[in-house]
Amino acid sequence: MTTTYAVLSEGLQKRYGEVHALRGLDLAVPEGTVCGVLGPNGAGKTTAVRVLTTLVSPDSGSALVAGRDVVRDPAGVRRRIAVTGQYASVDGDLTGAENLRLFARLLRAPRSRADELLERFGLTEAAGRPARTYSGGMRRRLDLAASLLVRPSVLFLDEPTTGLDPHSRGEIWDVVRGLASQGTTVLLTTQYLEEADRLADEVVLVDGGRAAHRGTPAELKALIGSYAQVVVAHASFLQEAAAVLDRLTGSAPVLDAGHRTVGAVTTDPTLTLPRIVREVDAAGIPLVDASLRPPTLDEVFLRLTGRAPRPAPAPEVAA
Ligand code: ATP
């Protein structure tokens with residue numbers, strides 16, 4: 001069976017003056033899948049999304065989105081995509097229902113579609129209330145509903161849950177999963193690597209304007225092996241514990257004084273948890289906890305890019 005790609009880019013380049021934002025970006029996102037685009041600050045993620053959504057032209061390279069060329073047929077691309085992100089486009093003075101019906105009129109979508117989406121996103125009960133009274137999660141869901149009035153082939157989700165509390169985040173994740181299961185292709189940029197881990201079929205790690213690594217979350221984790229971590233009784237033991245882990249794993253340990261943890265990746269299949277415990281104990285270090293587990297995507301990111309993913313901002317406060 002041949003794979004049909006909803007997003008297919010080859011060698012995309014984009015410069016802003018001296019800054020080379022994209023240096024030959026290749027992407028291939030199969031239809032109906034969720035692709036998580038991750039990368040450190042300035043890696044080129046936003047530029048890639050801007051090119052793929054026809055907001056800026058690439059200097060060279062090509063990209064097909066929903067089968068249309070972003071340079072030769074930008075209008076065709078726009079008809080088949082939706083873009084939504086952390087900056088909700090809803091009007092706080094209008095009710096949820098009024099917001100969606102207004103967008104429906106603008107987009108020539110049937111009013112019944114607005115009502116259907118209110119229902120689907122669990123907003124029917126709140127539909128008569130001004131959107132400014134909504135929680136951050138509800139506003140984000142309303143915004144997402146607005147972008148789905150005309151069914152897009154490809155949905156670009158830019159940091160859809162930034163600033164949301166864990167419950168609201170979970171709600172948005174359910175919506176995204178539902179969309180993908182109905183055949184919408186989702187290209188997701190996010191700073192929450194757990195989000196990519198939960199949602200993405202494939203992750204592309206963009207660095208320096210290129211796709212530096214790609215694979216399923218499990219494949220990317222397997223690239224760096226296992227993660228050995230110990231929690232010590234007091235931060236003053238961290239350096240000694242780091243020396244033990246350094247010796248056992250052969251890789252540079254990462255210290256976290258606040259959580260009194262030290263961890264290091266290992267590709268040694270013979271390293272076992274009992275051995276780690278024995279060696280830390282033998283060094284006279286009071287141990288509180290120890291684990292040897294697959295790495296999180298955050299740890300993969302740190303290892304592959306040399307930088308920590310952005311720290312999460314404080315949760316949004318209701319307006
Ligand atoms: P972040 O995670 O910080 O949003 P990003 O991966 O989205 O970063 P881009 O916003 O695509 O990265 O930026 C890539 C590079 O291009 C950066 O060095 C940025 O400063 C530069 N850049 C982006 N847009 C412009 C612009 N309009 N004019 C000049 N330079 C730009």
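The structure displayed is predicted, hence computed values, not measured ones.
Asp256 places no side-chain N or O within 3.5 Å of a backbone atom of Thr261 that could act as its donor or acceptor partner. A distance-only check finds a donor-acceptor pair linking the side chain of Arg210 to the backbone of Arg23 [under 3.5 Å]. Between the side chain of Lys221 and the backbone N or O of Thr216 there is no donor-acceptor pair closer than 3.5 Å. Checking side-chain atoms of Arg68 against main-chain N and O of Gly76 turns up no donor-acceptor pair under 3.5 Å. Not a single donor-acceptor pair under 3.5 Å links the side chain of Glu119 to the backbone N or O of Glu116. A donor-acceptor contact shorter than 3.5 Å is absent between the side chain of Arg113 and the backbone of Val150. With hydrogens and angles disregarded, no donor-acceptor distance shorter than 3.5 Å links the side chain of Asp69 to the backbone of Leu64. Side-chain N or O atoms of Thr305 include none that pairs as donor or acceptor with a backbone N or O of Asp207 at under 3.5 Å. Of the possible polar contacts, one joining the Tyr134 side chain to the Ala126 backbone as a donor-acceptor pair under 3.5 Å is found. Under a 3.5 Å cut-off, the side chain of Ser9 and the backbone N or O of Ser62 do not form any donor-acceptor pair.
Leu255 and Phe301 are members of different hydrophobic clusters when ILVMFWY side chains are connected at heavy-atom separations under 4.5 Å. Linking Ile, Leu, Val, Met, Phe, Trp and Tyr residues whenever their side-chain heavy atoms come within less than 4.5 Å places Val71 and Val83 in a single cluster. Under the 4.5 Å side-chain heavy-atom criterion for ILVMFWY residues, no single connected hydrophobic cluster contains both Val203 and Tyr5. Under the 4.5 Å side-chain heavy-atom criterion for grouping Ile, Leu, Val, Met, Phe, Trp and Tyr, Leu273 is not connected to Ile224 through any hydrophobic cluster. Val277 is connected to Leu238 through a chain of hydrophobic side-chain contacts under 4.5 Å among Ile, Leu, Val, Met, Phe, Trp and Tyr, so both are in one cluster.
Within a 6.0 Å radius of CD in Gln182, other residues, nucleotides and ligands contribute more than 12 heavy atoms. Remark: Arg151 CZ is loosely packed, at most 12 non-hydrogen atoms of other residues, nucleotides or ligands lying under 6.0 Å away.
Exactly one residue among Leu199, Val186, Val49, Val34 makes a side chain to side chain contact (heavy atoms under 4.5 Å, CB included) with Leu157. That residue is Val186. Residue Glu240 forms a side chain to side chain contact (heavy atoms under 4.5 Å, CB included) with just one option from Val262, Val232, Ile285, and that option is Ile285.
You'll find the side chain of Leu188 stays beyond 4.5 Å of the side chain of Val176, heavy atoms only. Residues Ile276 and Leu245 have side chains in contact (heavy-atom distance under 4.5 Å, counting atoms from C-beta outward). Counting only heavy atoms from C-beta outward, the side chains of Val29 and Val204 never approach each other to under 4.5 Å. Using a 4.5 Å cut-off on side-chain heavy atoms (C-beta onward), Lys14 and Pro58 make no contact. The shortest side-chain heavy-atom distance between Thr266 and Ser226 falls under the 4.5 Å cut-off. The shortest side-chain heavy-atom distance between Leu193 and Thr296 does not fall under the 4.5 Å cut-off. Two residues are said to be in side-chain contact when any heavy atoms from C-beta on lie closer than 4.5 Å; Leu142 and Leu118 meet this criterion. The shortest side-chain heavy-atom distance between Glu194 and Trp173 falls under the 4.5 Å cut-off.
The other members of the hydrophobic cluster of Val288, by chain and number, are Val231 (side-chain heavy atoms under 4.5 Å, ILVMFWY only).
With rounding to the nearest 0.5 Å, the separation of CG in Leu155 from OG1 in Thr184 is 7.0 Å. Remark: Asp298 CG to Tyr227 OH distance equals 10.0 Å, nearest 0.5 Å. Arg169 contributes atom CZ, which lies 7.5 Å from atom OG1 of Thr162 (distance to the nearest 0.5 angstrom). The distance from the CG atom of Leu123 to the CG atom of Asp115 is 12.0 Å, given to the nearest 0.5 Å. Remark: Asp158 CG to Leu187 CG distance equals 10.0 Å, nearest 0.5 Å. Taken from CG in Asp174 to CZ in Arg141, the straight-line distance is 10.0 Å, to the nearest 0.5 Å.
With sequence neighbours excluded, the residues forming a side-chain hydrogen bond (donor to acceptor under 3.5 Å, both in side chains) with Asp268 are Thr270, listed by chain and number. Under the side-chain hydrogen bond (donor to acceptor under 3.5 Å, both in side chains) criterion, Ser57 pairs with no residue, sequence neighbours left out.
Using modelled atom types, one finds a donor on one side chain and an acceptor on the other under 3.5 Å when comparing Thr84 with Asp143.
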Open item on the list: Is there a side chain to side chain contact (heavy atoms under 4.5 Å, CB included) between Phe121 and Leu100? Walk through the geometry before answering.
Closed with: CA-CA 12 Å; Phe121 285 19; Leu100 275 200; over 6 Å; no
Open item on the list: Does Glu171 form a side chain to side chain contact (heavy atoms under 4.5 Å, CB included) with Arg140? I'd like the steps, not just the answer.
Closed with: CA-CA 10 Å; Glu171 289 177 350; Arg140 211 66 68 85; over 6 Å; no
TODO: Evaluate the side chain to side chain contact (heavy atoms under 4.5 Å, CB included) criterion for residues Leu287 and Val230: first the C-alpha distance (whole Å), next the side-chain angles of each, then the deciding distance (0.1 Å), finally the verdict.
DONE: CA-CA 7 Å; Leu287 192 62; Val230 298; 3.6 Å; yes
TODO: Given side chain to side chain contact (heavy atoms under 4.5 Å, CB included), test Arg303 with Val254 step by step and report yes or no.
DONE: CA-CA 10 Å; Arg303 179 75 172 178; Val254 178; over 6 Å; no
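Counting all heavy atoms, side chain and backbone alike, Val265 lies closest to Thr249 at O-CB, 3.4 Å. Summarising the geometry of Ala104 relative to Leu149, their closest heavy-atom pair is N-CD1, 3.6 Å, with the distance given to 0.1 Å. Here the shortest heavy-atom pairing between Ala82 and Pro152 reads N-CB, 3.6 Å. The shortest heavy-atom contact between Ala145 and Leu117 is O-CD1, 3.4 Å. Across all non-hydrogen atoms, the minimal contact from Ala283 to Val244 is CB-CG2, 4.0 Å. Closest non-hydrogen pair, Phe103 versus Ala146, comes out as CD1-CB, 3.7 Å.
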